Amino acid sequence: MASITILGSGGFGLALAVLCDRIGHEVTVWSAFKDEIDAILRTGELKSKLPGVTVPESIKLTTDISCVSGKDIVIVGIPTQFVRDVCGQAKPYISPETIIVSTAKGLENATFKRMSEVISETLPDNKIVVLSGPSHAEELARGIPTAVAVASDYADCAEYIQKTISDGTLRLYVNHDVIGCEIGGALKNIIALCSGILEGMELGDNSRAALMTRGLNEMTRLGVKLGARPETFVGLSGLGDLIVTCTSMHSRNFRAGILIGKGIEADEAVRRVGTVEGYTCAKVAYDLAKSLGVEMPITEELHKIMFENKDRRAALRDLMYRPYRSETTWSD
Ligand SMILES: NC(=O)c1ccc[n+]([C@@H]2O[C@H](COP(=O)([O-])OP(=O)(O)OC[C@H]3O[C@@H](n4cnc5c(N)ncnc54)[C@H](O)[C@@H]3O)[C@@H](O)[C@H]2O)c1
């Protein structure tokens, strides 16, 4: 049995908490917000995100960040832009032996950094494992069979996490490409937003297949430039997550995209849906690609829709009328 603290009582944090509790681990969940904890304690579930999923009483819920103290594992389950701050708050209480599992998918706005980089800057003495792949909280929490990748610079840590939190409902595969797993997890949100836009415009399956294939191509291109291995992008954290986020109503990025596709302003669509990590990631990835000279036409058009008020139909037309060329791969 391992002792585990999960930072974040949102959909994913709680889904992992329910899973770890079911395996038999000692689980504590931390939230920055007392009302979040109170609501779960009152109703026994997180009605807004995981309705119908019982949060067992054996899971401790707290707003006291010192709950990370002396744990075998701390899982970071909060949105990207708060990871640095929350890890900073936890730092005085975390011992160097604790393994940190990062589940946040995105890049830090101000620095373009991946989450494991942000965490290792904040908690330099701890070993980090990245967990990424197609894993909607709503399904994971219900025990629907799911497979994801765990990547680390320390193979023994990735293997330890694999053994510790796999069960008959969650299967973990060890991967050695931390950069690729994190870049795949971050960039697929951009393509999922675009997939939603196509859906909202009532276009067909051909359009979505083209988007996903060419989207994977440009995700790989940026990832490889950053040091990732191209084959990682056809694994669970790349293609796997891309498929699930581009096609599922569980995906907030996909749902926000649908609203934009129907003609709702981008910031209003994001406001209605809530955490839409593809929105911030589109800006970061666009700036990063520009600074590195990497061609990312889909990301560029999404950026224009989101931040320059470009009409979605004009963006699609401009993608279709780009100079004709051979079917390029990530390396071209
Ligand atoms: N939802 C999924 O299916 C899923 C799957 C895999 C990975 N993830 C990743 O897990 C992370 C969390 O996603 P989620 O779906 O649980 O999000 P969520 O919006 O449901 O929950 C977010 C949590 O973060 C907390 N939070 C919000 N603002 C905060 C702040 N300023 N300081 C501290 N905590 C704050 C909230 O209190 C809440 O507990 C994201 O980075 C996401 O990419 C989510």
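In each ligand, atom 1 is the first atom listed, and ligand 1 is the first ligand listed. Every value quoted in this text rests on a predicted model; they were computed, and no experiment measured them.
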message = Regarding K283 and D287, does a basic nitrogen lie under 4.0 Å from an acidic carboxylate oxygen?
response =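 Looking at D287 together with K283, the answer is yes, because their closest N to O distance falls below 4.0 Å.
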
task = Take E121 and R84 through the side-chain contact (heavy atoms from CB on, under 4.5 Å) test and state the conclusion after the steps.
result = CA-CA 9 Å; E121 281 178 9; R84 188 182 290 277; 3.0 Å; yes

Check ligand 1 for close polar pairs with the protein: N or O on both sides, less than 3.5 Å.
residue  : atom   : partner : partner atom : Å
ligand 1 : 3 (O)  : S135    : O            : 3.3
ligand 1 : 3 (O)  : A137    : N            : 2.8
ligand 1 : 15 (O) : R252    : NH2          : 2.6
ligand 1 : 16 (O) : G11     : N            : 3.2
ligand 1 : 16 (O) : F12     : N            : 2.8
ligand 1 : 19 (O) : K49     : NZ           : 3.3
ligand 1 : 19 (O) : R252    : NH1          : 3.4
ligand 1 : 19 (O) : T275    : OG1          : 3.1
ligand 1 : 20 (O) : G11     : N            : 3.0
ligand 1 : 20 (O) : K49     : NZ           : 2.9
ligand 1 : 37 (O) : E36     : OE1          : 2.8
ligand 1 : 37 (O) : E36     : OE2          : 2.6
ligand 1 : 39 (O) : S9      : N            : 2.8
ligand 1 : 39 (O) : G10     : N            : 3.0
ligand 1 : 39 (O) : E36     : OE1          : 3.0
ligand 1 : 41 (O) : I78     : O            : 3.4
ligand 1 : 41 (O) : K105    : N            : 3.3
ligand 1 : 41 (O) : E277    : OE1          : 3.4
ligand 1 : 41 (O) : E277    : OE2          : 2.9
ligand 1 : 43 (O) : K105    : N            : 3.2
ligand 1 : 43 (O) : E277    : OE1          : 2.5

request  = Kindly write out the residues that satisfy salt bridge (charged side-chain N to carboxylate O under 4.0 Å, His left out) with K310, not counting sequence neighbours, or none if the list is empty.
outcome  =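 So K310 forms a salt bridge (charged side-chain N to carboxylate O under 4.0 Å, His left out) with E301, D318.
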
Side-chain donor-acceptor pairs of residues 53-60 under 3.5 Å, sequence neighbours excluded:
residue : atom : partner : partner atom : Å
S58     : OG   : D21     : OD1          : 2.6
S58     : OG   : D21     : OD2          : 3.4

request  = Could you pull out all residues at least two apart from A147 that satisfy side-chain contact (heavy atoms from CB on, under 4.5 Å)?
outcome  =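 Partners of A147 by the side-chain contact (heavy atoms from CB on, under 4.5 Å) criterion, ordered by chain and then number, come out as R171, Y173, L236.
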
ask   = Parallel under 30°, tilted from 30 to 60°, perpendicular over 60°: which one fits the rings of F307 and Y279?
value =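 The rings of F307 and Y279 sit tilted, inter-plane angle from 30° to 60°.
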
